[in-house]
Amino acid sequence: MKAFVNIKGAEGATLQMRDVADPTPGPHDLLIAVKAVGLNRSELARPVAKPEDPDANIAGMEMAGEVIGMGAEVRGYELGDRVMSMTTKAYAQKALADCRIAMKIPGSMSFVDAAAIPTFFSTGHDALMSNGQLKAGESVLIAGVAAGVGIAMVQIAKAMGARLVAGSSRDPAKLARLKDLGLDLPIHAGKDDLVAACMDATQGKGIDVIADNVGAGMLMSLVNSAAIKSRLITVGRLGGFNDTIDLDKIALKRMQLIGVTFRTRSLN
């Protein structure tokens, strides 16, 4: 079959099409005929596992397609089912998805739309809802809102009843487009005063749930924008890994600083 493989070269990372072996389902795997894939920035940052083995370096973190085979211990799925899933090696004509994390696609949803959901929307929901404990009527701030997971978070926050959805980005054109998805307060990073904008929009209370996709350089601005008993969830580190923090402000605001990732969890 054909697949896009992560290749490292002198000029950086590229994705190149290669002929690779068809995947073989394990006991819990669904074998999927891939119809659409989600695109993720992190693909090009992944290390090449075995340069001599294209099969080991197939890219892709999420996809949608049709079940054409399955392992002996799969339950709840049938051949022909339309599914979407987080996975690995998704940029291929066929891919595997563990049935324990795959999701059936609603009948009204296209393969293209479904392929964009599993990684970004699961990450966003995990941050805002499972860890941020967002409640209807609370306010949300998303730093790096134009990132893929940020776009998902806007929609999740609005769907779950957030009173105010604020977001920062260095690209005003992207902020303008996000208004149609539910962004109430666009903040032009590097130009607008983020703390002042958040305090003005909340009548001095501050933001209840903050999701940070930026990392280095943002932390204290986010802390200063936060409400009493707020939750600050660190999701991404596009700006870097290291920052400084005033622990007294964390204590005075009785804030929670929460880190999230799927990478250190078991599949179950």
Side-chain angles (χ1 to χ4, degrees), residues 38-42 45 61-62 113 116-202 205-227 230-241 243 255-262:
L39 301 177
N40 292 272
R41 178 181 183 273
S42 60
M61 299 168 59
E62 58 186 339
D113 286 347
I117 287 177
T119 296
F120 285 143
F121 277 83
S122 295
T123 299
H125 186 277
D126 179 63
L128 293 179
M129 305 306 301
S130 299
N131 287 280
Q133 296 293 301
L134 173 64
K135 301 175 183 65
E138 290 190 315
S139 56
V140 174
L141 169 62
I142 304 161
V145 70
V149 69
I151 296 169
M153 286 177 176
V154 170
Q155 297 170 79
I156 293 167
K158 187 60 71 172
M160 301 309 292
R163 175 181 58 81
L164 171 74
V165 181
S168 66
S169 171
R170 293 188 177 278
D171 190 332
K174 291 180 179 178
L175 288 171
R177 291 171 61 190
L178 284 169
K179 288 184 178 180
D180 290 338
L181 295 179
L183 185 65
D184 301 308
L185 178 62
I187 301 171
H188 187 179
K191 181 178 180 181
D192 296 337
D193 186 325
L194 183 141
V195 178
C198 291
M199 287 299 174
D200 287 347
T202 59
K205 176 180 181 287
I207 301 292
D208 298 304
V209 179
I210 300 172
D212 179 19
N213 299 312
V214 177
M218 284 290 294
L219 186 56
M220 282 313 300
S221 291
L222 299 179
V223 170
N224 289 332
S225 301
S230 55
R231 290 81 74 196
L232 197 168
I233 304 96
T234 175
V235 183
R237 286 153 294 280
L238 294 171
F241 293 86
D243 212 329
M255 292 178 62
Q256 297 180 57
L257 178 59
I258 305 167
V260 296
T261 185
F262 290 121

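All residue numbers refer to positions in the sequence shown, counting from 1.
- Lys174 is not listed as a side-chain neighbour of Ile151, based on a closest heavy-atom distance of 4.5 Å or more.
- To the nearest 0.5 Å, the span separating NZ on Lys205 from CD on Glu138 amounts to 6.5 Å.
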Take Met218 and Ser168 through the side-chain contact (heavy atoms from CB on, under 4.5 Å) test and state the conclusion after the steps. CA-CA 11 Å; Met218 284 290 294; Ser168 66; 4.1 Å; yes
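- In this structure, Lys158 pairs ionically with Asp184, as a charged nitrogen and a carboxylate oxygen lie closer than 4.0 Å.
- Smallest separation of non-hydrogen atoms from Ser225 and Leu194: OG-CD2, 2.9 Å.
- Among all heavy-atom pairs drawn from Phe241 and Ala216, the shortest one is N-CB, 4.2 Å.
- Distance check, rounded to the nearest 0.5 Å: CG of Asp171 to NE2 of His188 gives 7.5 Å.
- Across every non-hydrogen atom of Gly167 and Leu183, the tightest pair is N-CD1, 3.4 Å.
- Here the CD1 atom belonging to Ile142 is positioned 10.5 Å from the CD1 atom belonging to Ile187, to the nearest 0.5 angstrom.
- Summarising the geometry, atom CD1 belonging to Ile207 is positioned 7.5 Å from atom CG belonging to Leu185; distances are rounded to the nearest 0.5 Å.
- Results of the side chain to side chain contact (heavy atoms under 4.5 Å, CB included) test with Leu141 over Leu232, Ile210, Asp208, Val209 single out Ile210 as the only residue that passes.
- In plain terms, the two heavy atoms of Pro118 and Ser122 that are nearest each other are O-OG, 2.6 Å.
- Taking OG1 of Thr123 as the reference point, atom NE2 of His125 lies at 12.0 Å (rounded to 0.5 Å).
- Within 6.0 Å of NZ on Lys135 lie more than 12 heavy atoms contributed by other residues, nucleotides or ligands.
- In this structure, the side chains of Ile156 and Met129 come closer than 4.5 Å at one or more pairs of heavy atoms.
- The shortest non-hydrogen separation linking Leu134 to Ala157 is CD2-CA, 4.0 Å.
- In this structure, CE in Met61 is found 11.5 Å from CG in Leu39, a value given to the nearest 0.5 Å.
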Give the intermediate values and the outcome of side-chain contact (heavy atoms from CB on, under 4.5 Å) for residues Leu164 and Cys198. CA-CA 10 Å; Leu164 171 74; Cys198 291; over 6 Å; no
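- What you find for Arg231 and Ile233 is that their closest heavy atoms are O-CD1, 3.7 Å.
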